[in-house]
Number of protein chains: 2
Amino acid sequence: MRYFVAVAEELHFGRAAARLHMSQPPLSRAIKQLEADTGALLLARSPTGVTLTAVGTVLLDEARALLEHADRVRARVSEAAGAAAITVGILGDGTDPGVARLAAAYRRTHPGIDIRVRDTDLTDPTCGLRAGLVDVALTRAPFDETALTVRTLRSDPVGVVLRADDPLARHDRLRLAELGHRRWFQFPQGTDPLWQSYWNGGTPREGPVVRAVQECLHAVLWNGTVGLAPLGHDLPAELAVVPLIDMAPSRVVAVWNKGDTNPLIRSFIKTATVAYRH
Amino acid sequence: MRYFVAVAEELHFGRAAARLHMSQPPLSRAIKQLEADTGALLLARSPTGVTLTAVGTVLLDEARALLEHADRVRARVSEAAGAAAITVGILGDGTDPGVARLAAAYRRTHPGIDIRVRDTDLTDPTCGLRAGLVDVALTRAPFDETALTVRTLRSDPVGVVLRADDPLARHDRLRLAELGHRRWFQFPQGTDPLWQSYWNGGTPREGPVVRAVQECLHAVLWNGTVGLAPLGHDLPAELAVVPLIDMAPSRVVAVWNKGDTNPLIRSFIKTATVAYRH
DNA sequence: TGCAACGATACCCACGAGGTATCGGCGCTG
DNA sequence: CAGCGCCGATACCTCGTGGGTATCGTTGCA
């Protein structure tokens with residue numbers, strides 16, 4: 001019916017399709033189907049243009065009222081639901097382009113829902129999920145997944161971060177073994193072992209302790225240490241990141257507590273999967 | 001929303017599913033999805049039973065009103081459309097079980113639509129479609145399809161109709177060649193050549209002229225002629241039908257005039273395809 | 001008479017709504 | 001208090017359809 005109202009108002013299939021953010025053929029089909037169900041021609045397609053038939057005029061009025069009614073229902077129910085809120089944890093500084101798209105999409109499809117964001121440092125890959133500080137975390141695997149549900153959103157190749165003037169920075173790809181003698185920045189003791197081990201390339205390392213992304217970069221810049229990072233992020237010109245060919249890619253994931261009853265999680269995850277799929 | 005109203009009224013997923021003619025799991029999922037979109041729990045599932053939450057109560061009222069509104073819109077539009085009608089032609093005496101299911105299904109999904117039926121004899125496989133006597137024909141292929149659109153609904157094996165005491169009737173299958181010396185009942189001159197040729201098994205035959213199903217049966221009973229018929233129909237006990245192994249199966253088809261603008265045709269064909277798919 | 005516009009058609013792919021089988025949790029019962 | 005049964009949730013599969021791209025046919029216009 002939204003489709004029909006759009007076409008009836010534009011009196012032009014192409015423009016209506018644009019307004020509905022879709023292409024023209026499926027719109028034509030949808031209108032045809034509506035006509036088949038009502039049993040009457042709603043739009044007179046003459047080569048000079050599209051006109052409303054008598055029945056079409058009736059339906060236009062009725063459809064407008066009905067759609068308005070539906071919108072009112074939505075509003076009333078979400079009012080009755082109170083300020084529904086979801087807290088999402090984001091690892092690091094959350095400048096991931098996917099996050100921006102996701103936030104925009106979710107605000108659009110669920111207006112009135114209160115989205116709270118909690119930016120966390122790199123020491124807890126679950127962003128405080130277990131502690132109940134967030135409902136869902138946008139983070140990176142791997143980590144201890146007991147009592148959590150994990151959904152992969154994307155995979156990024158991983159590289160090593162070096163000073164731009166580091167001799168190794170001239171390579172266009174490296175192996176972990178070529179970095180064995182370097183100092184690596186380290187997460188503090190007590191962080192998730194799987195997480196810690198992954199970012200150390202699988203073997204224990206020595207180096208300065210970091211907690212946030214900025215600290216990692218500083219550690220590389222000032223201390224000449226190295227460390228791993230997913231590719232595809234903007235870095236200051238003084239730093240270089242060289243792809244590692246023997247490192248499993250880093251998975252961007254959405255995580256939530258198994259058995260969490262907050263109904264918003266379900267819709268949030270769904271929006272997330274499509275937003276990350278471009 | 002219909003689903004939600006059903007569950008809210010029954011306060012029992014299983015019973016609601018039965019009422020909606022569906023199974024319980026997809027209903028559970030649908031409600032969950034509604035809850036995800038609303039952002040609030042609508043139903044409190046306790047092991048003792050299902051209860052409406054506060055938000056659920058609000059939605060129940062609103063949903064009832066909205067669904068009622070939608071029904072009113074349907075009624076108003078179909079009233080404005082006037083007595084929309086579709087005339088369907090049926091070949092032979094139209095006792096095909098599929099036809100009954102189709103009629104029932106279409107009346108249910110399109111109440112208020114005037115279905116007129118035109119039973120025709122076997123001399124015109126298009127049931128007067130080209131002459132404009134019907135909008136859509138439920139008939140059997142093959143025939144001249146120029147300017148027609150054909151949609152196959154089902155395929156029936158074909159057999160030869162014989163008197164029960166005919167020596168050939170004792171076989172459980174036959175070949176066309178074994179019937180070469182018999183007289184076959186014939187359609188009148190001027191009927192569609194493809195149609196005529198098909199029911200003659202591909203070669204010209206001699207025999208009494210028939211127009212209706214009854215006449216065919218009488219021709220076999222009283223004149224000792226033979227003829228072809230699709231299997232799977234009830235016949236009087238004095239007649240037998242023996243499957244032919246070298247005869248292409250007979251396709252039950254829906255046909256309409258190419259470019260016909262009656263919008264009901266589309267929905268009728270759709271209902272037909274699902275009705276014939278059991 | 002060629003061209004541009006526009007709705008219709010053909011074809012393809014991915015998502016989701018529906019199904020069946022099974023699980024898990026709680027209450028009831030012997 | 002252990003076992004059973006009820007009932008909603010979960011897992012997994014399949015098919016229909018809603019959306020896409022590419023192309024056609026018609027018609028008005030230059």
Side-chain angles (χ1 to χ4, degrees), chain A residues 1-4 6-8 10-37 41-52 56 109 149 151 256 258-261 263 265-267 269-278, chain B residues 1-4 6-8 10-37 41-52 109 147 149 151 256 258-261 263 265-267 269-278:
Chain A
M1 293 199 100
R2 292 209 187 273
Y3 292 0
F4 172 71
V7 179
E10 298 284 347
L11 290 178
H12 186 290
F13 278 78
R15 279 197 299 275
R19 194 171 114 183
L20 295 164
H21 305 110
M22 65 191 292
S23 54
Q24 171 258 323
L27 180 58
S28 284
R29 265 186 317 172
I31 299 293
K32 276 218 163 161
Q33 197 167 317
L34 186 64
E35 287 178 325
D37 288 339
L41 282 166
L42 303 170
L43 297 164
R45 292 91 154 163
S46 87
T48 83
V50 177
T51 345
L52 272 175
T109 56
T149 313
R151 176 90 166 241
W256 63 101
K258 203 165 279 186
D260 193 327
T261 57
I265 294 179
R266 177 179 265 260
S267 53
I269 297 300
K270 205 193 136 192
T271 311
T273 50
V274 315
Y276 270 82
R277 201 171 42 214
H278 279 207
Chain B
M1 291 198 102
R2 292 210 187 271
Y3 292 0
F4 172 72
V7 179
E10 298 284 346
L11 290 178
H12 186 291
F13 279 78
R15 279 197 298 275
R19 196 171 112 183
L20 295 164
H21 305 110
M22 65 189 293
S23 56
Q24 171 258 323
L27 179 58
S28 284
R29 264 185 319 173
I31 299 294
K32 276 217 163 161
Q33 197 168 316
L34 186 63
E35 287 177 326
D37 289 338
L41 283 166
L42 303 170
L43 296 164
R45 292 91 153 163
S46 86
T48 83
V50 177
T51 344
L52 272 174
T109 57
T149 313
R151 176 90 166 243
W256 63 100
K258 202 166 277 184
D260 192 328
T261 56
I265 293 179
R266 179 179 265 260
S267 53
I269 298 300
K270 204 191 138 192
T271 312
T273 49
V274 313
Y276 270 82
R277 201 171 41 215
H278 279 207

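Lettering follows sequence order; numbering is per chain, from 1.
Neither OP1 nor OP2 of C/dA17 sits under 4.0 Å from any side-chain N or O of B/R29. Proximity of B/K270 to the phosphate of D/dT17: a side-chain N or O atom is located under 4.0 Å from OP1 or OP2. Put simply, B/S28 has no side-chain N or O that comes within less than 4.0 Å of OP1 or OP2 on D/dG8.
Taking atom CG of residue A/L27 and atom P of nucleotide D/dT17, one finds them 19 Å apart after rounding to whole Å. Atom CZ in A/R266 sits about 10 Å away from atom C1' in D/dT10, given to the nearest Å. Look at CG on A/L41: it is 15 Å from P on C/dG7, rounded to the nearest Å. Residue B/K32 contributes atom NZ, which lies 18 Å from atom C1' of C/dG18 at whole-angstrom precision. The distance between atom CZ of A/F13 and atom C1' of C/dA5, rounded to the nearest whole Å, is 15 Å. Rounded to whole Å, the distance from CD on B/E10 to C1' on D/dC7 is 15 Å. If you measure from atom CD1 of A/I31 to atom C1' of C/dT9, you get 17 Å, rounded to the nearest angstrom. Between the CZ atom of A/R15 and the C1' atom of C/dC6 there is a distance of 11 Å, rounded to whole Å.
For the pair B/L52 and B/A8, the tightest heavy-atom approach, listed with the atom from each and the gap, is CD2-CB, 3.9 Å. The shortest non-hydrogen separation linking B/P26 to B/M22 is CB-CE, 3.8 Å.
Of the candidate nucleotides D/dG8, D/dA11, C/dG7, D/dG8 has the atom lying nearest to any side-chain atom of B/R45. Between C/dC6, C/dA8, C/dA17, one nucleotide has an atom nearer to the side chain of B/Q33 than all others, and that is C/dA17. Minimum atom distance to the side chain of A/Q24 is reached by C/dA8, of the listed C/dG19, D/dG20, C/dA8.
Residue contacts for A/S23: at a heavy-atom cut-off of 4.0 Å it reaches a base atom on one of the strands shown. In this structure, A/R277 reaches the sugar-phosphate backbone alone: every heavy-atom distance under 4.0 Å involves primed, P, OP1 or OP2 atoms, never a base.
Without hydrogens or angle criteria, B/E35 side chain to A/P263 main chain gives no donor-acceptor distance under 3.5 Å. Checking side-chain atoms of A/S46 against main-chain N and O of A/T48 turns up a donor-acceptor pair under 3.5 Å.
Counted within 6.0 Å of CZ on A/R151, heavy atoms from surrounding residues, nucleotides or ligands total 12 or fewer; the atom is thus considered open.
Judged by closest nucleotide on DNA chain D, B/P25 is the one of B/P25 and B/V274 placed further toward the 5' end.
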